[in-house]
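Note sheet for the following structure.
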Amino acid sequence: MSITQILFWFLSILTIFSALMVITRKNPVYSVLWLIITFIAISGHYILLNAQFLAVVNVIVYAGAIMVLFLFVIMLMNLDADAEQTKNKWLQLAGVVAGGCLLLILVAALKGAENQAKTVEMGTGSIGLIENLGQVLFKQYILPFEISSVLFLSAMVGAVVIGKKN
Amino acid sequence: MSQLVYLVPLFPLVGFLVIGLGRNLWSKTLTGLIGCATVLASFVVSVMIFNEVRTPGFTPVTVKLFDFIHFGTLNINFAFQVDQLSSLFLLIITGVGSLIHIYSTSYMHEEKPHHFARYFCYLNLFVFSMLLLVLGANYVIMFIGWEGVGLCSYLLIGFWFTNGDYNYAARKAFIMNRIGDLAFLIGIFWILAQFGSVNYQDVFSRAQGGVTTSVVTGITLLLFIGATGKSAQIPLYTWLPDAMAGPTPVSALIHAATMVTAGIYMIARSNVLYTLAPATEGVIAVIGLCTAILAASIAIQQNDIKKVLAYSTVSQLGYMFLGLGVGAYTGAVFHVMTHAFFKALLFLGAGSVIHAMGGEQDIRKMGGLRKFMPVTWITFLIGTIAIAGIPPFSGFFSKDEILSHAYAHNPVLYIIGLFGALMTAFYMFRLLAMTFLGQFRGTHEQEHHLHESPAAITIPLIVLAVLAAGAGFLGIPAYMHPDAHILEKFLAPVFAASTDMKPLAETPAGVEWALTGASVVLILICSAWALAKFAKFTGPGKEATGFAKILENKWYVDELYDAVIVRPINGLAGFLNKYVERLGLDGIVNGIGRLVQYSGRQIRLLQSGQAGTYILLMVIGMVVLFIVQLFI
Amino acid sequence: MPINYYIFLGVILFCIGVTGVLTRRNAIIIFMCIELMLNAVNLLLVAFSKMHHAIAAANQGAATTVGTEGQLFVFFIMVVAAAEVSVGLAIIVMMYRNTHSVDVNFLNRLKH
Amino acid sequence: MNVLILSTLWGIVMMFGGLIFKKTGAATYFAVAGILLLLLGSVGDVSGVVITKSTFGGMLNFQGYTELFLTVVLVSVLFYFLLSGRDIEAVGPGGFDYYALVFFVITGITLCASYNNLLMLFLGIEILSIPLYILTGSDKKNLKSNEAALKYFLMGSFSTGIMLLGIAFIYGDSGRFDLGTANLPFGMMITTLPALTKAGLLLLLFAMAFKVSVAPFHFWTPDVYDGAPTVFTSFMATIVKAGGFIAFLKLFGEGYAKSEYTWGLAMLVLIVATLLIGNLTAVFQQSAKRMMAYSSIAQAGFMLMAVYAHNSFATDGLLVYTASYCLATIGVFAVLTRVKDHSYEGFNGLAKKEPLLALTMAICLLSLAGIPLTGGFLGKYYMLTALVKAGQGPYMLVFAVLCAAVSVYYYFRLIQAMYFKDGNPALSPVSTGLKTGMVGLTILIILLGVIPYDLLLNWQLFF
Amino acid sequence: MLALLLILIPLVTGCVTFLLKQGSAAKIWSLLASVATLGVSIAAAVDKDASARTFKGDWLSDLGASFSLHIDGMGAILVLLTGISLVLVLVSTYHNTYKNPSVYYGLMLLSQAGLMGVFLAADGLLFYFFWELALIPVYFLSSGWGGERRIQVTFKFFIYTFVGSLIMLVGLLYLYALNPESSFALESLYRVHLTPDQQDILFWMFFVAFAIKMPIFPFHTWQPDTYEQSPTSVTMILSGVMVKMGLLGVIRWVVPIFPEAVHHFENVVIGLSVVGMVYASLIAFRQDDLKRMVAYSSIAHIGLMCAAVFSSSQIGFQGVLVQLFNHGINIIGLWIVIDAIEQRLGTRKMSELGGLATTAPSLAILLVIMSLANVALPLTNAFIGEFLMFDGLYQFNVWYMAFAGLSIILGAVYTLRMVQMVIYGKENALTSTMPDLKLNQKLMLAGITILIIVYGVYPEPLFRMTEETVHAIIAQLK
């Protein structure tokens, strides 16, 4: 049981647990916090996989910016625990069952033999480093990069249209 | 001459068109003139044709006008056939027809001009169709005339169309005829399928060429059913008495002299087929006899002068069919001829009486007319004697011929037939007595108006009386005087084939004499009895009871038909219309529409408006599709 | 590490996200659960990219850059996610301004 | 290529136009000019006059067919602007902004039509969707509009998640994102696709099905179409849907065509469900707008046949179908926006008040119902033929045509209201421009139904 | 070329009519147009050289279709019927006033164009196009100008027939897919070899459409309502010409292409038709509304035609082809009279009528003539057709024929009942003021009467016109 494996199992359990907490907490604020933990755990995975760039971006963008945004909105609306009365039990149950079924189906669909042998290289490998990513991104993936600017533009315009007083 | 035969139907057709199209233009006189002239013209032509046919060694002529239905192997010509039979019928039709036209000019004189025109228009059309019927050289043309006369009788029975009952009578006549016509039509199809042609010559020659008895029996039976419709035999006779709703001359021409004898003509025409089908002949004989008896029995208890005559017509037709059934084709045709004379005479006489009585038809309200209208009385008397079968008047010879053949065929038939003849004598003399003898029982102004009819009416009466009296001598039976039977000799070629196949049974002259004597005596007794019984008829006595009541109500046959056929069909139609059509079929169609709407209403409830539910449904859908695609 | 572990981890995370979406009614939480789903995908993609890199490296030496696309894809997902968040939160806030609630179950003016 | 660049640029232009021109009256003129420019650009694409020939590392792949498809879409956009421009401005203060968003959507559609890489598909779909969330909610004071926007957004991003998972799975097998059967993993026998790809394809299928609102992923459609400002509903129901379908066709018709057996059955189920639910639910609607929403679902059922069959009839057919469907629906919505009361009764007696409008709308409806001599009929006809050629049995087709018959029911209810019922519909003023636009549009629809080849399909030969 | 003209004239003139402002102008214009069409159709009927009788244009060739028209015997006789009918309709309803006439007359002409197309199309897809094109204008006419229940009724009619035609479309598609020459051309479809199973399926796909259109027994429920609710002028087109679409469909598109299936299902179809004849006749004499009565009688007549077709005997076919024309003429005559009554008295209830023979003699006479033609009395044209058809049916099976023959009797029953209730008896308050027919109606009815008699006495021309078609079909059946 190498250290990586231990870390892997630890992070995995942490991720799943905190994800479960996210969806079970009554109080939105707690959910947000748990979600942050989840993201951090996932970043941990990235590090294990030697994808530092993504790990960093994940922490900065997700755990940082985005989550703060969420938190901010929640605060703004000061939704506290009892703000959300639980939705009707049956629907919730149905939701859980449906999610479970989806999980089962996916697992059943994916337990193909061909993946048994393949392994993921941990720690080593340089593709996750900024230098390499940068090379590919600005050569091969220049178009998507530019296009995503359009995405942001539209998001921006959209936010303006929605936000602007009339 | 016989090449010009198409002229015979042409004249009445022209008359029909001219009168019909100009019904609002011509004056009554002109109309009457055209009407009579056309028929007379065709009578003249018929006479000329008849003369040509009479010449010995005459062979039947077929005059083809044009292809009627002609494609592929099917070839039906619009062709006329001139031979002894048709020419004889031509004479009867055009002769009696023209007399009745003349009679009508006076009889219908009260009608408004356009109705008057309508009347003659129909009458000419009738003559035209009747001529088609007898002239046709194949069954299809005959069928055309067959339905044509049916139409005319419908139109003429309902001539006074404002009266609902008359219309019903007309409808009844037409529909009952149609029932027969359907059978006739099927018969024609069968002939076509069997012999590949409907021309008389082809059919008869091929029939003799050999055809299974069952087939020919079937064909002949179908044709006979047609005949029962047209010639008012059991079971389709009930329309004829009601048909008396029409003007009296019409009854005389159509429902006594000509149209109703179409059935006899048709069977006589196809005698070859019938001779080949003994079973059918038996059926015809029995049906004819039953009809004769039944109708006669009903006639005894009728009080409407025309109804009595109508039933007597039915009964006489029965005799003719009896004749056909026993193979006495000549006798049947002979009786057709004599009957045409004396029954037309009787009807016209009755018409003259009704005319004089101001429309009164109930003989219980008449009586003693003898002194008021002598001509009518004499002629009517002659007619009565003739129909009663008292020698030497025409009815005696014809009826006697039929009966004697019946005897030769089977004595039982003869006995029953004779019984019928006795009844005939009885009811006819009853009629005579109640109408002309005794005291006048009508109202005073009727009595005041009583008068002899004008010449236009009496002349036809006289002519017909002469014929009714004398026509019998055309058919003096062999046992009285060998080969004095002119008619038989004349018609021999037509029936040659049958007589060759099945020679008529001979009866020794002695027996014949005995039978004749006996029958005449009995008839005289009955006549006397009837005269004695009804001459001093004073007025409607007590309500008829028991058997008399049944007879008075015509054996309740109409009621029977109504209960067994008419009402059930109406009920069925109502049921189909109300339930099967509206609720059943249409219901299904509309039901599908409703189903769609309903399911739409239900499915749309999925659209609950809650995003959560939507996503839930999406996930479920995904799961299901996964299963469908990957695990099935 | 066998790839299957990562696959199952990712799938489980994803399904947790789905379940969250299905069970919660607070728009923001739902949105967060969706983010969770996206992250599950990211993790999966990274794992795959490393897997492919491993396979390629076994054949053509460690210098190969096979598998880079996977991680770039993750990068783009994050980009898009950021954009979505801005728009999404804007919409939610607008909603809140009008109805003082972010409860999706109150949203059924539109139905049938 | 030109279209892609130009649409982006023009989107930005519109954006700044909003700053320069205070009054939004000019916006429509700008927009129309932009579309004409784009059309010019697409013609350039056709004739090889392009800004850059680069495909950017195989990210994009412009073929004659997609070019033509884009042209069709652009033409419908032109009509959309001509008929509904004023209404777009009327929605709110940010006339220019709306147009900017619309142009960005067009960028997205261009990507959907030309992507050769799942990443581009993803970006395209997102660029397509995000502005739509905004446009849906653009009527800010209207709670329905808000609600629609939120629903659309939540479900849309959910489906994005699904799509990404699918992409991830596919990547897991093939190790690359670019399309094409050549890249199906390890060149192995198609019939033994690895489990990951199978699952991935299905997930992609679901995501795309959501975008083109195919049952059971259609639930957002009625609410969103109903809640959104009618002009944008018209836009979403036609042009955006077309974009979704071209993406769908590229993905499953070309990209993973040889792997039908992993998704064919599911797609058949989707087709059946969509036809059934779409038509049946539309029958009972009381509001014409909502009816059109459901009808657009039903029509999607027919379009999906093209993706299923993906043979020559299917591709040709999708062109004809899209063209006629877009034009007709735009026309109907253009009239719809003029009518104050969107219930069927609101249309009573329209034929008396506005004969021309009624006539053109009637022809649009006839086309939607698939009556011969309109493009709609030919579209449906192509779809059925494609199904036959793809070896489908008669029962599927009979089912389809029965659904079409049901659709006749609700389309004709509008026609009946306009022509055979008496009433005095409340209308907002009808400009001659609208009328002429409608007439031109109807003429196009009819020509499509009579001479589709000379009008549309034969252009493929030039590419 | 003639063939093309037959479609173009009504089409173009129809479109022009929409643009006319004055109603009277539209009326006269459309009348002229219809007369022109009649002229061309007569020319087409007599002109025998093939070049004039066929037209082939290039249209949707990539789909295997083509704009090819051909006038064979059946086409000629139906074209003639169509040409005559519209003139009859327009003239006889000349004095009726319709709201926005330009649209009304335009639609009339369009429907005529559609009908012409259906009768001439020699290409499957084209046939389908015209099939619908003929339906749409009639739908608009009926629900635009009809009675009070018009909207639901005609809508039901539309959907019903539309479903049928859609299923036929699927059938066409299949035929096309099975056709190695992948073409819709009629003659190439005649060459297709189909397995019995394929024939059976396709047969029903086509036949359902035609059965609904004719209509025969279980599919007829749309018809009485539609006839009742449509304006009589439209009913004339519907019952006189449109029902022939179904029969033409069967004779040209079913019998020659699926001979085995026809043979396979002949008992089913003939059974249905024959039952339908008696059924409809029975229901007919429970009707009080003249239009419904005639509608049911028409169902009975059509049933006979359908049965005769499936008896697949030469005589039967010949009879049907003749009857196609005769039935159309006669029933239009009947409608003209009924329209005259309704226009004058505002009612179609027999129970409210009566005594017209006194007040309107010429109407009465013509009604009687039409009724007699309706019951196929000899020397009326209908007799020829029915005689041959019954004979064909007889050759197929005597019992079917005998049962069907009941409708001869029942036909007489309900027709005479109608005659009696309408024109006989005493006139009542309503009918006593009844004015007689106007000149235009008299003229039209006189013309019809002449046709009835002429073709009843001398049907040869009709036979000559149609026998080639019969031979062709028989040959195809062998």
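Chain A is the first sequence line, chain B the second, and so forth, proteins listed ahead of strands; every chain is numbered from 1. Excluded from the calculations below are hydrogen atoms, water molecules and symmetry mates; all remaining heavy atoms, backbone and side chain alike, are included.
Interface remark: of the candidates A/Thr4, A/Val96, A/Leu48, A/Asn50, A/Val96 forms the most heavy-atom pairs closer than 4.5 Å to chain C. By number of non-hydrogen pairs under 4.5 angstrom with chain A, the leading residue of C/Leu9, C/Val66, C/Val18, C/Ile92 is C/Leu9. Counting heavy-atom pairs closer than 4.5 Å to chain C, the top residue among A/Leu106, A/Thr124, A/Leu35 is A/Leu35. For chain C, the option among A/Pro144, A/Ala98, A/Gly99 with the highest count of heavy-atom pairs below 4.5 Å is A/Pro144. Options C/Glu84, C/His100, C/Arg97 differ in how many heavy-atom pairs under 4.5 Å they form with chain A, and the most are formed by C/Arg97. By number of non-hydrogen pairs under 4.5 angstrom with chain A, the leading residue of C/Val46, C/Asn39, C/Thr68, C/Leu43 is C/Asn39. Looking only at heavy-atom pairs under 4.5 Å with chain A, the residue among C/Val93, C/Ile91, C/Leu89, C/Ile7 that has the most is C/Leu89. When each of C/Met1, C/Met94, C/Glu35 is checked for heavy-atom pairs under 4.5 Å with chain A, C/Met1 comes out on top. If you tally non-hydrogen atom pairs under 4.5 Å between each of A/Thr24, A/Val107, A/Val57, A/Val22 and chain C, the highest count goes to A/Val107. Listed options A/Val120, A/Thr119, A/Val97 were ranked by heavy-atom pairs under 4.5 angstrom with chain C; first place goes to A/Val120. Counting heavy-atom pairs closer than 4.5 Å to chain A, the top-ranked of the candidates C/Phe14, C/Phe75, C/Phe48, C/Tyr6 is C/Tyr6.
Residue C/Thr64 holds its OG1 atom at 8.5 Å from CD1 of A/Ile127, rounded to the nearest 0.5 Å. The structure places CZ of A/Phe8 at 8.5 Å from CG of A/Leu49, a figure rounded to the nearest 0.5 Å. Atoms CD1 and CD1, on A/Ile74 and C/Ile28 in that order, are 5.0 Å from each other to the nearest 0.5 Å. Annotation: the span from C/Leu72 atom CG to A/Phe53 atom CZ amounts to 8.5 Å, rounded to 0.5 Å. Here CD1 of A/Ile36 is found 11.0 Å from OG of A/Ser31. Values are rounded to the nearest 0.5 Å. A distance of 13.0 Å separates CD1 in A/Ile40 from NE2 in A/His45, rounded to the nearest 0.5 Å.
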Given side chain to side chain contact (heavy atoms under 4.5 Å, CB included), test C/Cys15 with C/Val11 step by step and report yes or no.
CA-CA 6 Å; C/Cys15 289; C/Val11 170; 4.1 Å; yes
Could you go through the side chain to side chain contact (heavy atoms under 4.5 Å, CB included) check for A/Met21 and A/Ile37 one step at a time?
CA-CA 10 Å; A/Met21 295 314 261; A/Ile37 295 174; over 6 Å; no
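Neither the backbone nor the side chain of A/Trp34 has a heavy atom closer than 4.5 Å to any heavy atom of chain C. Heavy-atom distances place no part of A/Ser154 under 4.5 Å from chain C, backbone and side chain included. Interface remark: A/Ile16 contributes backbone and side-chain atoms alike to the contact with chain C (heavy atom separation under 4.5 Å). C/Ser49 touches chain A through backbone and side chain together, each having a heavy atom under 4.5 Å away. The parts of A/Val32 that come within reach of chain C are both its backbone and its side chain, each placing non-hydrogen atoms under 4.5 angstrom from that chain. Only the side chain of C/Val87 comes within less than 4.5 Å of a heavy atom in chain A; its backbone stays farther off. With a threshold of 4.5 angstrom between heavy atoms, A/Thr38 approaches chain C through side-chain atoms but not through N, CA, C or O. With a 4.5 angstrom heavy-atom cutoff, A/Ser2 does not touch chain C via any of its atoms. With a 4.5 angstrom heavy-atom cutoff, C/Leu38 touches chain A only via side-chain atoms. With a threshold of 4.5 angstrom between heavy atoms, A/Tyr141 approaches chain C through its backbone and through its side chain. When heavy atoms are compared at a cutoff of 4.5 Å, C/Ile16 approaches chain A by way of both its backbone and its side chain. Within the 4.5 angstrom heavy-atom criterion, only side-chain atoms of C/Phe8, from C-beta onward, approach chain A. Heavy-atom distances place both the backbone and the side chain of C/Val80 under 4.5 Å from chain A. For a residue to count as touching a neighbouring chain, one of its non-hydrogen atoms must lie under 4.5 Å from one of that chain's; by this rule C/Ala57 does not touch chain A.
Nearest heavy atom pair, residue C/Leu44 against residue C/Gly10, reads CD1-CA, 4.3 Å.
A donor atom on one side chain and an acceptor atom on the other are not found under 3.5 Å apart for A/Asn132 and A/Ser126.
Ring orientation note: the planes of A/Tyr62 and A/Phe39 are tilted relative to one another, at an angle of 30° to 60°. The aromatic rings of A/Phe70 and C/Phe31 sit tilted, their planes meeting at an angle between 30° and 60°.
Environment of OH in C/Tyr5: sparse, with no more than 12 heavy atoms of neighbouring residues, nucleotides or ligands closer than 6.0 Å. Atom CD of A/Glu131 sits in a sparse spot, with 12 or fewer heavy atoms from other residues, nucleotides or ligands closer than 6.0 Å.
In this structure, the side chains of C/Gln71 and C/Lys50 come closer than 4.5 Å at one or more pairs of heavy atoms.
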